[in-house]
Amino acid sequence: MRIAMKLIGLAGAGAAAVLAVSLVAGRGDAPPAPVRHEKDAFSFVRSLEGTEPDGKLAFAGNQAGVASAELLRFFEYYLSAIGEKEVPAIRAAIESEIDRQLPPERRLPARDVLRRYLDYKLALVDVEQQQRGESALGMARARYSAMQDTRRRFFNDAEIEAMFRESDAYDRDALARMEIDQDPDASLEQKRERLAALDAALPPALREAKLEPFAVARMDDEVRAMRAGGASDDEIYRKRAQAFSPDAAARLAQVDRDEQEWKRRVDAYLMQRTQAGPALDAQALQHLRDEYFTQDEQRRLAAYEQR
């Protein structure tokens, strides 16, 4: 299942702040390498195993050159690994893919867009810190305007149109909905009518993007109900395949299996820990954890140990 990533929008400054910390620091010990129980489907970071890069390194030959929304989605896919990898390592991975996938004449321009995009995201941190407003709507308006101004420092008009047209449409729609919601002079019925008009005016791609999270949530509810009713794994697969795609259904089935295996190991570990009782010293406890879990997995374990 592809990872759906919003580019930089009204809520993007928080993510930009995380990126900024990594860019400014750019140092520190790398996270410990996890124990590998099986071959990784994706060797860059564990959280992206079994996924495919969002976006692509392909261009339509427009005035923006290599710049495109697809290119930014490709960048953001790798940048989602911040926290597991340092930014220099992520940048190197992106540049390696650029060199591998693009013809020589496209590589330097793509690297240049990447450099400017990282600088742009870093600059957004200052934008966020400088914003003030008397209301959430006022803050959102100011942030959107400042974001537009910041882009012009790094990209020309053709590049901005090619890269940010989709995310800008999303942000303008979000602003319009905030304005309707916070209009003190509009009745509830008037707000519903105006929101319905916005829904009707949405481009198909944006409408699908806004509805996708709800579709996933609804499917999760349906799957839980099916399992409670005794549905088989095959029935659940067919349900998901009909709603999404056979490929997505297969990946979701693998997620189910991984979660079941995780719960089995947690239960076995907790049972052994309980049986050992007070005799289990710190060294023996760590040995027990290492027997069941990788170093990365042990970071998730604290919540279960507090049962």
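Qualifying salt bridge (Lys or Arg N to Asp or Glu O under 4.0 Å) partners for D99, counting only residues two or more places apart in sequence or in other chains: R111. With sequence neighbours excluded, the residues forming a salt bridge (Lys or Arg N to Asp or Glu O under 4.0 Å) with R224 are D221, listed by chain and number. Listed by chain and residue number, nothing satisfies the side chain to side chain contact (heavy atoms under 4.5 Å, CB included) test with A201 (two or more places apart in sequence, or in another chain). The salt bridge (Lys or Arg N to Asp or Glu O under 4.0 Å) test applied to R115 returns D112, D119, not counting sequence neighbours. The ring-ring contact (aromatic ring centres under 6.0 Å, His included) test applied to F155 returns Y120, F164, not counting sequence neighbours.
Checked by atom type, the side-chain pair Q254/R251 shows no donor-acceptor distance below 3.5 Å. Side-chain contact, E291 with Q272: no donor N or O sits under 3.5 Å from an acceptor N or O. Defined by atom type and a distance below 3.5 Å, a donor-acceptor pair is present between the side-chain atoms of D290 and Q286. Between the side chains of Q298 and Y292, no donor N or O sits under 3.5 Å from an acceptor N or O.
Crowding of K239 atom NZ: a count of heavy atoms from other residues, nucleotides or ligands under 6.0 Å not exceeding 12. Other residues, nucleotides and ligands place more than 12 heavy atoms under 6.0 Å from the CD atom of E259. At most 12 heavy atoms of other shown residues, nucleotides or ligands fall within 6.0 angstrom of atom CD in Q283.
Just one of Q190, K191, R194 meets the side chain to side chain donor-acceptor pair (under 3.5 Å) condition when paired with D183; it is R194. The only option from Q148, M147, R143, E166 that meets the side-chain contact (heavy atoms from CB on, under 4.5 Å) definition with D171 turns out to be M147.
To the nearest 0.5 angstrom, R73 atom CZ is 12.5 Å from M163 atom CE. To the nearest 0.5 Å, atoms CD (E97) and OH (Y77) are separated by 10.0 Å. Here D168 contributes atom CG and Y144 contributes atom OH; the two are 4.0 Å apart, rounded to the nearest 0.5 Å. Here the CD1 atom belonging to I180 is positioned 11.0 Å from the CD atom belonging to E193, to the nearest 0.5 angstrom.
Residues E297 and R289 are not paired through a salt bridge, judged by the lack of any N-O separation under 4.0 Å between the basic side chain and the carboxylate. Ion pairing between R238 and D233 fails under the 4.0 Å rule for side-chain N and carboxylate O.
Heavy-atom minimum distance, E159 versus F154: OE1-O, 4.4 Å.
Under the ring-ring contact (aromatic ring centres under 6.0 Å, His included) criterion, the residue pairs touching residues 266-287 are Y269-F293, with sequence neighbours excluded.
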